[in-house]
Engineer: 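Here it is: the structure, laid out below.
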Amino acid sequence: MLGQMMNMPLMISSLIRHADNYHGDTEIVSRLPEGGIHRYTYHDAHRRSRQLANALNALGIKRGARIGTLAWNTHRHFEIYFGVSGIGAVCHTINPRLFPEQIAYIVNHAEDEYIFFDITFAALVEALAPQCPRVKGWVALCGRSHLPKTDKIPNLLAYDELVDAHSDAYEWPEFDENTASSLCYTSGTTGNPKGVLYSHRSTLLHAFASALPDGLNLSARDSVLPVVPMFHVNAWGLPYAVALTGAKFVMPGAGLDGASLCELFEQEKVTVSAGVPTIWLGLLQHLQANKLRLSTVKSLIIGGSAAPPAMIRAFDEQYGITVLHAWGMTEMSPLGTVNTYKHKHLALPAAEKDKIRVKQGRPLYGVDMKIVDGDGKPLPHDGKAFGDLLVRGPWITSTYFKSTDSPLADDWFPTGDVATIDADGYMQITDRSKDVIKSGGEWISSIDIENLAIAHPAVMEAAVIGVAHPKWDERPLLLVIKKKDMQVTREEMLAFMRGKIAKWWMPDDVVFVDSLPHTATGKLLKTKLRDEYQGYQLPSA
Ligand code: AMP
């Protein structure tokens with residue numbers, strides 16, 4: 001017997017319609033790449049998304065067609081999220097920080113029909129256009145007056161003009177909730193980037209779960225500023241989650257430095273923000289150097305790379321801000337776990353609580369996880385055993401765009417992360433499987449050593465890699481960037497770490513560097529470091 005509830009498909013358009021109907025006057029604020037602050041409401045964003053829907057139809061965009069974006073977080077990008085997916089086309093966000101050849105590969109692989117781009121990327125688009133002959137037109141996200149003056153971009157349109165030329169009379173269509181809605185390529189450290197194709201259903205389920213109190217804890221009383229770009233896994237789903245909850249939405253455009261962010265945080269009374277650890281390192285330094293405080297921020301969602309415990313403590317103790325340590329992947333929409341306490345933890349002494357909060361967190365409802373050994377045998381959830389982390393759930397990919405090979409292992413998605421899971425379900429990443437350091441047949445967690453190194457007051461950033469060793473196979477090498485005007489020697493660094501990690505985990509050497517390589521999404525590029533230090537002579541070797 002079937003239930004008798006209304007059978008309504010979960011549509012992305014229902015989010016913006018809901019936000020308009022019940023939070024119509026709630027503000028959406030953007031710092032514009034062309035300068036100035038733009039301010040309007042969910043009501044306006046819904047109207048412009050419908051105008052865009054009519055414009056896309058007039059351009060001949062059909063269901064399933066891919067529309068690319070090379071854009072910062074702004075109200076226009078927000079309208080594209082809803083306008084493109086709303087008509088049944090696929091919003092393909094592209095990371096402009098990738099190499100132009102990689103972007104051209106992605107555009108051609110996705111077969112993007114139009115690309116919407118911020119004018120700050122005009123030079124990039126000039127270089128891309130000849131390599132992407134199938135793109136029918138390039139739409140600059142500005143009005144006519146700011147249109148880039150160039151004849152090197154064929155079929156160049158101005159976004160505002162395109163939208164304004166169309167009526168807002170548009171009814172969002174309903175179709176199968178499993179229809180593709182957006183596409184994001186993830187670049188591994190080897191091979192070509194791979195596309196992850198989200199659906200309306202997966203996006204809505206992810207938005208529901210992420211808004212929960214033990215998720216990102218979002219409500220109509222929040223003012224949310226995603227520093228994480230809308231080209232990085234849909235800004236972790238925040239554009240959808242704010243429409244679902246009716247939170248005020250603040251977008252920083254291209255202004256991602258500490259000063260610009262602080263200004264917006266204060267001006268727009270931001271309560272929740274989200275980004276990768278590098279962004280927050282910059283913000284912390286700016287706050288400390290200028291003796292500033294953030295008067296309204298209550299939580300910072302930190303993910304994408306491990307949030308160093310020292311940073312979590314600094315925000316909590318010095319600024320009264322809760323860090324929500326979150327873990328996920330492009331393949332997971334992205335949220336998998338968020339770190340919040342359980343009721344039984346509340347009365348624990350601070351030192352015990354500290355041990356919990358440095359972990360990556362507990363799975364949201366909808367995400368199931370397990371760890372396995374090299375033979376695929378499940379390992380105990382005892383917080384000690386570590387193995388390959390596998391996940392399942394309705395917002396986790398089953399395959400890659402246009403690929404015929406399944407990445408799954410017995411219906412589970414292998415994350416490539418190595419982790420422990422404790423009896424309470426808290427997961428802790430110890431490494432990426434390919435970054436793992438193997439010393440004398442035993443695994444050493446590079447992340448644990450990095451977290452410890454970064455707790456030293458003179459350390460700005462740290463990376464630990466395995467370097468070949470004649471006896472132990474590999475031994476850890478610590479690379480450190482010092483904070484400006486701060487001094488620390490190799491011996492002081494090692495003395496600081498001694499006793500805080502197992503003796504055999506201690507780095508065999510410390511090298512001070514001026515910079516460390518990062519991927520286009522801000523993660524340490526360890527493969528590059530491993531190559532660079534391949535022949536490094538450890539003193540112990
Ligand atoms: P991406 O698909 O680019 O978002 O990368 C996903 C990968 O980033 C994960 O598989 C992890 O290796 C890493 N990652 C994401 N969040 C965290 C976190 N909180 N701690 C450690 N690693 C993380």
Side-chain angles (χ1 to χ4, degrees), residues 93-95 97-98 102 106 183-191 193-198 206 210 215-216 226 228-238 274-280 300-309 311-312 323-340 356-364 367 369 371 386 388-391 395-397 400-401 407 412-421 426-436 445-451 454 462-464 518-527:
T93 53
I94 307 166
N95 186 341
R97 295 183 182 134
L98 294 169
Q102 274 177 313
I106 289 174
L183 175 64
C184 184
Y185 279 72
T186 171
S187 24
T189 37
T190 53
K194 292 180 284 200
V196 179
L197 191 61
Y198 311 102
H206 180 267
S210 67
L216 306 182
V228 52
M230 288 166 79
F231 53 76
H232 188 191
V233 217
N234 300 323
W236 300 347
L238 285 169
V276 294
T278 1
I279 287 286
W280 305 122
L300 294 179
I301 304 155
I302 306 191
S305 300
M311 182 195 286
I312 300 178
V323 166
L324 285 177
H325 192 188
W327 165 86
M329 309 180 72
T330 307
E331 288 89 336
M332 299 176 71
S333 301
L335 273 182
T337 63
V338 181
N339 194 328
T340 55
I356 299 171
R357 70 174 173 178
V358 301
K359 301 189 176 196
Q360 270 70 13
R362 294 182 279 119
L364 296 173
V367 175
M369 47 180 57
I371 41 174
F386 53 108
D388 292 313
L389 177 66
L390 287 94
V391 290
W395 57 81
I396 295 170
T397 200
Y400 291 101
F401 186 47
W412 288 76
F413 181 81
T415 61
D417 287 322
V418 177
T420 62
I421 301 176
Y426 289 82
M427 184 274 288
Q428 183 164 26
I429 305 263
T430 54
D431 248 311
R432 292 290 294 163
S433 50
K434 52 189 171 299
D435 294 340
V436 138
S445 161
S446 63
I447 294 183
D448 276 4
I449 312 177
E450 284 158 13
N451 280 343
I454 205 145
V464 173
H518 290 97
T519 66
T521 51
K523 295 182 213 307
L524 278 170
L525 195 50
K526 296 231 181 137
T527 41

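Worth saying up front: this structure is predicted, and the values here are computed from it rather than measured. Every number for a ligand or one of its atoms is a count from 1 in the order of the listing.
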Engineer: Rounded to the nearest 0.5 Å, what's the gap from CZ on Phe413 to CG on Leu389? Could you check?
Structural biologist: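 If I round to the nearest 0.5 Å, the distance is 10.5 Å.
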Engineer: What part of Ala307 sits under 4.0 Å from ligand 1 if we count only heavy atoms: the side chain, the backbone, both or neither?
Structural biologist: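 No part of Ala307 is near ligand 1 at this cut-off.
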Engineer: When you measure from the side chain of His325 to the backbone N and O of Ala307, does any donor-acceptor pair fall under 3.5 Å?
Structural biologist: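 Flag set: sc His325 to bb Ala307 pair under 3.5 Å.
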Engineer: What I want to know is whether Val233 and ligand 1 share at least one N or O pair that is separated by under 3.5 angstrom.
Structural biologist: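 In this structure, Val233 places no N or O atom under 3.5 Å from an N or O of ligand 1.
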Engineer: Of all the heavy atoms in His232, does at least one lie under 4.0 Å from an atom in ligand 1?
Structural biologist: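 Within the 4.0 Å threshold, so yes.
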Engineer: Find the distance between CD1 (Ile94) and CD (Gln102) and round it off to the nearest 0.5 Å.
Structural biologist: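 Interatomic distance, Ile94 CD1 to Gln102 CD, rounded to 0.5 Å: 12.0 Å.
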Engineer: Which protein non-hydrogen atom lies closest to atom 17 (C) of ligand 1, naming both residue and atom, and how far is it?
Structural biologist: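 Result for atom 17 (C) of ligand 1: Trp327 CD1, 3.5 Å.
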Engineer: So is Gly328 in contact with ligand 1, going by heavy-atom distances below 4.0 Å?
Structural biologist: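 Yes.
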Engineer: For atom 11 (C) of ligand 1, which of the options Thr186, Val276, Asp417, Thr337 provides the nearest non-hydrogen atom?
Structural biologist: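 Looking at heavy atoms only, the winner is Asp417.
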Engineer: Any idea which heavy atoms bring Thr330 and Tyr198 closest together, and the distance?
Structural biologist: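 In terms of heavy atoms, the two residues are closest at O-OH, 2.7 Å.
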Engineer: Between Pro334 and ligand 1, which residue portion shows a heavy-atom distance shorter than 4.0 Å: side chain, backbone, both, or neither?
Structural biologist: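 Contact part for Pro334 vs ligand 1: neither.
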Engineer: For Asp431, which residues count as a salt bridge (charged side-chain N to carboxylate O under 4.0 Å, His left out) partner, sequence neighbours excluded?
Structural biologist: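 Partners of Asp431 by the salt bridge (charged side-chain N to carboxylate O under 4.0 Å, His left out) criterion come out as none, since no residue qualifies.
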Engineer: Classify the contact between Met329 and ligand 1 as side chain, backbone, both or neither, using a heavy-atom distance cut-off of under 4.0 Å.
Structural biologist: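 Both backbone and side chain.
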Engineer: Look at atom 19 (N) of ligand 1 and say which protein heavy atom is nearest, naming residue and atom and giving the distance to 0.1 Å.
Structural biologist: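 Result for atom 19 (N) of ligand 1: Ala326 O, 2.7 Å.
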Engineer: Within ligand 1, which atoms have a heavy atom of His325 less than 4.0 Å away?
Structural biologist: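 So the answer, numbered in order with elements, is 18 (C), 19 (N), 20 (N).
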Engineer: Distance from Lys359 atom NZ to Thr337 atom OG1, nearest 0.5 Å?
Structural biologist: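 One gets 12.0 Å once the value is rounded to the nearest 0.5 Å.
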Engineer: In the protein, what heavy atom is nearest to atom 3 (O) of ligand 1, and what distance, to one decimal place, separates them?
Structural biologist: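 I find the closest protein heavy atom is Lys523 CE, 3.3 Å.
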Engineer: Contact between Arg97 and Thr519 at the side-chain level, heavy atoms closer than 4.5 Å - yes or no?
Structural biologist: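 No; the side chains remain at least 4.5 Å from each other.
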Engineer: If you measure every N or O of Gly304 against every N or O of ligand 1, does any of those distances drop under 3.5 Å?
Structural biologist: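 N/O-N/O distance below 3.5 Å exists for this pair.
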Engineer: Please compare Leu389, Thr330, Val228 and report which has the shortest non-hydrogen distance to atom 1 (P) of ligand 1.
Structural biologist: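 Looking at heavy atoms only, Thr330 sits closest to atom 1 (P) of ligand 1.
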Engineer: So, taking the atom named OG1 in Thr527 and the one named CZ in Arg432, what distance separates them when rounded to the nearest 0.5 Å?
Structural biologist: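 Thr527 atom OG1 to Arg432 atom CZ measures 11.0 Å (nearest 0.5 Å).
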Engineer: What residue and atom, counting heavy atoms only, is the protein's closest point to atom 20 (N) of ligand 1, and at what distance?
Structural biologist: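 I find the closest protein heavy atom is Gln360 NE2, 2.8 Å.
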Engineer: Considering only the protein, which heavy-atom contact is closest to atom 21 (C) of ligand 1, and what is its distance?
Structural biologist: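 I find the closest protein heavy atom is Ala306 N, 3.2 Å.
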Engineer: To the closest 0.5 Å, what do you measure between CD1 (Ile447) and CG (Asp417)?
Structural biologist: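 Rounded to the nearest 0.5 Å, the CD1-CG separation comes out at 7.5 Å.
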Engineer: Output all residues satisfying ring pair (Phe, Tyr, Trp, His ring centres under 6.0 Å) with Tyr185, sequence neighbours left out; order by chain, then residue number.
Structural biologist: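 Partners of Tyr185 by the ring pair (Phe, Tyr, Trp, His ring centres under 6.0 Å) criterion, ordered by chain and then number, come out as His92, His109.
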